[in-house]
Amino acid sequence: MKVVVIGAGLGGLTLAHGLRRAGIDVVVYERDAASGRPQGVSLHVDERGMTALRACLPPAHVAMVEATTGGPRERTLTLSDVDGELTAEAGRARPGRQVHRPLLKAVLLTDLDDVVSFGAEFTRFEQRADGTVRVWFADGRTDTADVLVGADGIGSAVRRRYLPDVQVVDTGRRMIMGAAPLRAVLGTGLPGLIGDNPASAHIRGTTIVVAVLRFTESRPSARRRWLPPPAPWPVRPITLLGDAIHLAPGFGGNLAMQDARHLCEALADAHRGRLGVLDAIGTYKDMMRRNGFTSASAKAGT
Ligand SMILES: Cc1cc2nc3c(=O)[nH]c(=O)nc-3n(C[C@H](O)[C@H](O)[C@H](O)COP(=O)(O)OP(=O)(O)OC[C@H]3O[C@@H](n4cnc5c(N)ncnc54)[C@H](O)[C@@H]3O)c2cc1C
């Protein structure tokens, strides 16, 4: 079996390691040059991301990641904008650890020299009569695979061709958000001052809103009730992972790596003859829809 992955991001590279360790022929095509581009410094990796890395990467790579993560967060520092007081609260930290993003990327790229092809911008694919998928790149290159995986991020060109009805809508607005748990500001008198209505201030085209938000139902349970995963789409030897199919502000990297782990396990089963390739992709897709769209905000429906 040969798998072509479009995109050498967190998900695509995690998948590439896992497939190679399962003995599956894999090629990753990345639009950027090998030198890459800056993508921030810190990434919060939780148990989903770490479990995926442990399942897919060689042990030495995992040891490298684990050795270079920040320590567990045991307390949260809060600077009150009401009285300027700095408070430290124990036991309320978000589970997981910080990793140095460029370092994680470097670890993920290590030993994949023969797998990742840089400067290769995917443009289109075509499913052929024999069931294989042919892919084209901007520089005229082509390749053929048994399975095509779109791990090419939020602007995914694979998704645009595979699921053309799915739209990413840019509202043109930009927002900087901050939140404090209500209990952290209870003693400040702020919730009482604001009441149930948002308080807003307009300053030179920018609006600042302060509001009290009390959930009547936990967000995961409400999301399960009100935001069902999108309807299944037909299974073909083409699939998507990570930001290419679901958006999760703040933990999309973890979901991308988790998708990679589940897809790798399913394709490895197909490789061993336990499942047909389409059944493997269908199994992965069902799991990804459940995990990605119930724990993340759905980017769009199909
Ligand atoms: C400021 C910021 C902070 C964040 N912090 C966190 C965090 O703490 N924890 C967390 O879990 N997540 C975090 N995220 C989200 C996380 O970065 C993404 O969800 C994650 O990178 C998605 O991984 P991916 O593999 O799906 O896609 P990406 O990492 O976006 O990788 C996609 C790759 O595909 C390539 N590509 C795109 N188009 C093509 C094409 N046509 N042909 C070939 N290659 C192509 C791109 O160049 C890119 O390398 C943060 C995001 C931002 C913006």
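This is a predicted model, so every value here is computed, not measured. Order of listing sets the numbers, starting from 1, for every ligand and every atom in it. Both backbone and side-chain heavy atoms feed into the values below; hydrogens, waters and symmetry mates do not.
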Of all the heavy atoms in A260, does at least one lie under 4.0 Å from an atom in ligand 1?
no
Report yes if the side chains of L53 and M257 come closer than 4.5 Å at any heavy-atom pair, otherwise no.
yes
Counting C-beta onward and ignoring hydrogens, is there a side-chain heavy-atom pair between V133 and V147 closer than 4.5 Å?
no
Pull out every atom of ligand 1 sitting under 4.0 Å from any heavy atom of G11, numbered as shown with elements.
25 (O)
Side chains of L43 and L10: does their closest heavy-atom pair fall under 4.5 Å?
yes
Ion pair E126/R161, N-O distance below 4.0 Å
no
State whether a side-chain donor-acceptor pair under 3.5 Å links T51 with R261.
no
Below 3.5 angstrom, do we get any N/O pair linking D243 and ligand 1?
yes
Would L43 count as a polar contact of ligand 1, with the cut-off being nitrogen or oxygen pairs under 3.5 Å?
no
Minimum side-chain heavy-atom gap R101-L104 below 4.5 Å:
no
Going by the atom numbers of ligand 1, which of them fall below 4.0 Å from some non-hydrogen atom of G242?
26 (O)
For ligand 1, find out whether one of its N or O atoms is nearer than 3.5 Å to an N or O atom of K105.
no
Is it the side chain (CB and beyond), the backbone, both or neither of A151 that lies under 4.0 Å from ligand 1, heavy atoms counted?
backbone
One finds that the ligand 1 atoms under 4.0 Å from a non-hydrogen atom of E121 are 41 (N), 42 (N)
What are the two closest non-hydrogen atoms of L13 and A8, and how far apart are they?
CD1-O, 3.4 Å
Report, in ascending order of atom number, the atoms of ligand 1 lying under 4.0 Å from any heavy atom of R37.
46 (C), 47 (O), 48 (C), 49 (O)
Please identify which atoms of ligand 1 are closer than 4.0 Å to at least one heavy atom of D32.
47 (O)
Below 4.0 Å from ligand 1: does a non-hydrogen atom of R101 turn up there or not?
yes
Polar atom proximity, A256 to ligand 1 (N or O, under 3.5 Å)
no
Heavy-atom contacts with A120 under 4.0 Å: which atoms of ligand 1 show up? List them by number with element.
42 (N), 43 (C)
Counting C-beta onward and ignoring hydrogens, is there a side-chain heavy-atom pair between L163 and L240 closer than 4.5 Å?
yes
Identify whether the distance between the nearest side-chain nitrogen and carboxylate oxygen of K2 and D143 falls below 4.0 Å.
yes
Under a 4.0 angstrom heavy-atom cut-off, which atoms of ligand 1 come close to Y29?
43 (C), 44 (N)
